[in-house]
Amino acid sequence: MSRRAALRRAAVREWGPPAAAVRTALAERGARALALTLTATALTALVQLVQNQSWGYGPVRALGAVRAEDPFWSALLRTPLSLFVPALDLPVWGALAQILLVFGVAEICLGRWRTLAVAYAATLAGTLYARIGVALGPEAFLGLPASDARVVDTGPSAAVVALAVYVCHQRRARFTGALVVVAMVVEVLVKDNLAGREHLAAIAVVLAVCGVREWLGRRPPRPGPDDGRPHPGPDGGGQLRASARAAAVPGPGRRR
């Protein structure tokens, strides 16, 4: 077998199941299969347009900007909208492409509500890590400098990374999932900043969820309630055999 054929088979094995699921969903339901994805993409584009206006920057920051120095409950209330607030120092098309691609595949493979739950859990994990890291300080393991408390934490990147890992686990695309994790580790090693560490926090939470799901799936099923079938007696099945012999003996008026 040639190397090209081997690579083609590996790619089909890795990406074939999610690609087939996407094709089937789009063929059967069309744009309705991507309702959440299209809504999230449109909302992100709208927020980007508003925050670049003189009258919109303040409201967007008040409703969707999250910082580690903010009061906890205030930051928690802003977290849902912060997912759709693109970072001002990055091109918005990158955020839109991430949402359209990764959210789209996740919505079809995982379902709408699970996709939303994973996305928000990952975003919340990054937000909570920033607060814990700043509280620990730069001297502690996984700690952050005090200056990171004032960094505005917005955008869909943590949710996108977490969804990519979750979909890869669910569809058994192990190589792609490992590649995403390695890429995020390299990102932190090359450029150690708050965003990169939040990506790792989101991955850690998703991997923990995947591990729990695997463990629950391997647990032996609990015995069900009595289904009415006869059970062996204390003699290890003697009663069952005696009952079977009695049923086989013809009674009066029976023909064998």
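What you see is a predicted model; the values in this text were computed from it and never measured.
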Is there a path from [X] to [Y] through hydrophobic residues (I, L, V, M, F, W, Y) whose side chains come within less than 4.5 Å of each other?
X    : Y    : result
V182 : F175 : no
V161 : L96  : no
L7   : V12  : no
L110 : L207 : yes
V92  : V60  : no

Using 0.5 Å steps for rounding, measure from the [atom1] atom of [X] to the [atom2] atom of [Y].
X    : Y    : atom1 : atom2 : answer
Q51  : L46  : CD    : CG    : 10.5 Å
S157 : M184 : OG    : CE    : 8.5 Å
L63  : L81  : CG    : CG    : 6.5 Å
L101 : L163 : CG    : CG    : 11.0 Å
R172 : E14  : CZ    : CD    : 12.0 Å
E69  : R150 : CD    : CZ    : 6.5 Å

Looking at side-chain heavy atoms only, is the closest gap between [X] and [Y] below 4.5 Å?
X    : Y    : value
V209 : Y166 : yes
F84  : P156 : no
L88  : Y57  : yes
V47  : P86  : yes
V206 : C210 : yes
V66  : V85  : no
C109 : R171 : yes
V167 : T115 : no

Any sub-3.5 Å donor-acceptor pair from [X]'s side-chain atoms to [Y]'s backbone N or O?
X   : Y    : value
T37 : F103 : yes
S74 : D70  : no
N52 : L49  : no
R78 : A62  : yes

If you measure from the Lys or Arg side-chain nitrogens to the Asp or Glu carboxylate oxygens, is any gap between [X] and [Y] under 4.0 Å?
X    : Y    : result
R197 : D192 : yes
R112 : E107 : yes
R131 : E198 : no

Which heavy atom in [X] sits nearest to a heavy atom in [Y], and how many Å separate them?
X    : Y    : answer
I108 : A25  : CG2-CB, 3.6 Å
A119 : A159 : O-CB, 3.6 Å
A122 : A158 : CB-O, 3.8 Å
A40  : I99  : CB-CG2, 3.9 Å
T123 : S82  : CG2-OG, 4.1 Å
R213 : R114 : NH2-NH1, 3.8 Å

Of T41, T44, V105, the residue whose pairing with L100 passes side chain to side chain contact (heavy atoms under 4.5 Å, CB included):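 Among T41, T44, V105, the one that satisfies the side chain to side chain contact (heavy atoms under 4.5 Å, CB included) with L100 is T41.
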Can you list every pair that meets salt bridge (Lys or Arg N to Asp or Glu O under 4.0 Å) and has a residue in residues 24-37, with sequence neighbours left out?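 Non-adjacent pairs meeting salt bridge (Lys or Arg N to Asp or Glu O under 4.0 Å): zero.
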Restricting to side chain to side chain donor-acceptor pair (under 3.5 Å), what partner residues turn up for W93, sequence neighbours left out?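 So W93 forms no side chain to side chain donor-acceptor pair (under 3.5 Å) with any residue.
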Could I get the full list of side chain to side chain donor-acceptor pair (under 3.5 Å) partners for D89, not counting sequence neighbours?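 Testing D89 for side chain to side chain donor-acceptor pair (under 3.5 Å), a comparison that skips the adjacent residues, returns none.
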Taking only residues two or more places apart in sequence or in another chain, which ones pass side-chain contact (heavy atoms from CB on, under 4.5 Å) with E139?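 E139 satisfies side-chain contact (heavy atoms from CB on, under 4.5 Å) with no other residue.
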Apart from W73 itself, which Ile, Leu, Val, Met, Phe, Trp or Tyr residues share its cluster (side-chain heavy atoms under 4.5 Å, direct or through members)?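 Besides W73, the hydrophobic cluster comprises F72, L76, L124, L128, listed by chain and residue number.
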Report the hydrophobic cluster partners of F141, with the cluster defined as I, L, V, M, F, W, Y residues connected by side-chain heavy atoms closer than 4.5 angstrom, directly or transitively.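 Members alongside F141: Y129, V134, L142, L144, V151, L194.
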